[in-house]
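Each ligand, and each atom within it, is numbered from 1 in the order the structure gives. Only this structure's heavy atoms are used, side chains among them; waters, hydrogens and symmetry mates stay out.
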Amino acid sequence: MSSYDELRTAFTAAVSHELRTPLARILALLETAQLPGADRDALIEQAREEVEATRQLVDDVLFLSELETGREVVALGSTEAGPVLEELAERVRERAARADVTVRMEVEEKIQLPLRPRMLRMVAENLVDNALRYAGPRATFTLSVRREGGRPVLRAIDNGVGVSEDELPRLFERFYRGDRARTSRGTGLGLAIVKHVITAAGGTVEAIRPESGGLEIRAVF
Ligand SMILES: Nc1ncnc2c1ncn2[C@@H]1O[C@H](COP(=O)(O)OP(=O)(O)OP(=O)(O)O)[C@@H](O)[C@H]1O
Ligand SMILES: [Mg+2]
């Protein structure tokens with residue numbers, strides 16, 4: 001088997017595995033709803049949430065495979081980062097307040113990134129979403145875009161709980177989720193998508209443990 005085939009087989013196995021769990025839960029919920037005296041409304045609502053999460057998983061998987069087959073064009077374009085990130089900050093304001101995480105955008109005036117707006121939004125959304133879910137209360141998350149040595153650099157840094165040293169290289173793997181993350185919803189595809197988009201646009205990305213604690217994701221274009 002070529003390494004590409006191996007990758008594809010592993011990917012298919014992971015997707016089927018990921019789908020089995022919500023499907024089993026939906027089945028159990030529906031079976032319980034059929035029992036006499038069951039709280040049908042509550043059970044149906046839970047089943048609906050499972051379906052929603054499953055749909056998100058399918059969307060992410062489809063998006064990633066479109067990126068990989070080149071059907072979804074990643075590069076070809078350039079976007080002024082400021083307005084896109086400001087709009088995102090506005091959109092997550094309520095969620096950030098609920099998570100008790102401060103979200104800051106520090107964007108150099110007029111700086112452009114070599115991504116179409118949709119792709120920049122995809123990358124930034126995944127990074128902010130992770131900070132809100134995992135950094136923990138009272139953390140500060142900063143998304144900055146600035147020029148370093150002539151190249152645009154996108155940096156997402158938070159001072160939250162972070163990850164252990166040995167988890168760092170695994171964060172960008174598909175379906176990888178940290179131990180602490182397992183209790184929350186998610187599929188482990190977010191950072192795989194981030195990496196794919198950045199790489200396809202000619203950039204590189206790495207995860208770092210900052211001295212101050214927390215997590216830093218740094219992309220150089
Ligand atoms: N800011 C962060 N602080 C601490 N851990 C993080 C942070 N961002 C990511 N992680 C860890 O990296 C793992 C992988 O992140 P990724 O975004 O790929 O997947 P996910 O958030 O678990 O699921 P999805 O993004 O598909 O909903 C997370 O499960 C979490 O353990
Ligand atoms: Mg994520």
Side-chain angles (χ1 to χ4, degrees), residues 7 10-11 13-22 25 49-68 72 85 88-89 91-92 95-96 98-106 118-144 154-200 205-219:
L7 197 70
F11 190 45
V15 172
S16 343
H17 176 262
E18 289 297 310
L19 284 173
R20 291 189 91 87
T21 317
R25 281 200 291 249
E49 283 168 18
E50 291 291 346
V51 171
E52 203 46 63
T54 312
R55 183 160 73 182
Q56 185 63 52
L57 165 70
V58 171
D59 283 351
D60 284 351
V61 169
L62 285 178
F63 182 72
L64 194 56
S65 65
E66 278 175 13
L67 285 177
E68 291 181 344
E72 176 74 69
L85 300 189
L88 176 62
R91 205 149 26 97
V92 300
R95 270 179 63 213
R98 253 181 280 134
D100 195 8
V101 172
T102 305
V103 173
R104 294 167 45 196
M105 301 290 173
E106 288 178 0
R118 173 168 141 80
M119 294 299 152
L120 174 56
R121 224 171 277 128
M122 189 87 189
V123 166
E125 263 170 16
N126 269 298
L127 295 170
V128 78
D129 182 69
N130 282 347
L132 296 185
R133 276 201 279 172
Y134 312 120
R138 290 180 304 284
T140 297
F141 168 80
T142 307
L143 195 54
S144 71
L154 171 81
R155 184 163 163 263
I157 184 167
D158 70 68
N159 59 358
V161 297
V163 302
S164 63
E165 190 71 39
D166 49 307
E167 282 187 280
L168 276 183
R170 305 205 58 194
L171 297 185
F172 297 104
E173 286 173 18
R174 297 153 165 168
F175 298 113
Y176 178 77
R177 307 201 69 214
D179 288 334
R180 269 195 295 258
R182 301 244 166 82
T183 52
S184 68
R185 259 182 212 299
T187 46
L189 286 174
L191 287 176
I193 290 173
V194 165
K195 180 170 183 174
H196 202 92
V197 169
I198 290 165
T199 315
V205 64
E206 60 179 337
I208 303 159
R209 248 151 57 103
E211 307 245 313
S212 50
L215 181 68
E216 173 177 346
I217 306 285
R218 188 184 145 85

Nearest-contact summary for [atom] - protein heavy atom, Å:
atom: atom 15 (O) of ligand 1; value: L191 CD1, 3.7 Å
atom: atom 14 (C) of ligand 1; value: Y176 O, 3.3 Å
atom: atom 22 (O) of ligand 1; value: R177 NE, 2.6 Å
atom: atom 1 (N) of ligand 1; value: D158 OD2, 2.8 Å
atom: atom 12 (O) of ligand 1; value: L171 CD2, 3.4 Å
atom: atom 5 (N) of ligand 1; value: V163 CG1, 3.4 Å
atom: atom 7 (C) of ligand 1; value: L215 CD2, 3.5 Å

Tell me, do [X] and [Y] make a side-chain contact under 4.5 Å, heavy atoms counted?
X: R95; Y: D129; value: yes
X: L127; Y: L191; value: yes
X: V101; Y: D158; value: no
X: L189; Y: F175; value: yes
X: L19; Y: V58; value: yes
X: L215; Y: L171; value: yes

Check this for me - ligand 1, [X], N or O atoms closer than 3.5 angstrom, yes or no?
X: A192; value: no
X: Y134; value: yes
X: V161; value: no
X: N130; value: yes
X: G186; value: no
X: G178; value: yes

Sequence-distant partners of R121, side-chain hydrogen bond (donor to acceptor under 3.5 Å, both in side chains), two or more places apart: none
Under 3.5 Å donor-acceptor, R209 side chain and V163 backbone: yes
Proximity winner for atom 27 (O) of ligand 1, if only heavy atoms of E167, E173, R133, Q56 are counted: R133
Shortest heavy-atom approach to atom 23 (O) of ligand 1 - which of G162, G188, A156, G190: G188
Ionic contact status for R170 with E167, cut-off 4.0 Å: no
E106 bridged to R155 by N-O distance under 4.0 Å: no
Nearest-0.5 Å distance, CD1 of residue I217 to CG of residue N126: 10.5 Å
F63 and H196: CA distance, side-chain angles, deciding distance, side chain to side chain contact (heavy atoms under 4.5 Å, CB included) verdict: CA-CA 11 Å; F63 182 72; H196 202 92; over 6 Å; no
Atoms of protein origin (N, O or S) under 2.8 Å from the Mg ion (ligand 2): N130 OD1
Whether over 12 other heavy atoms sit under 6.0 Å from R138 CZ: no
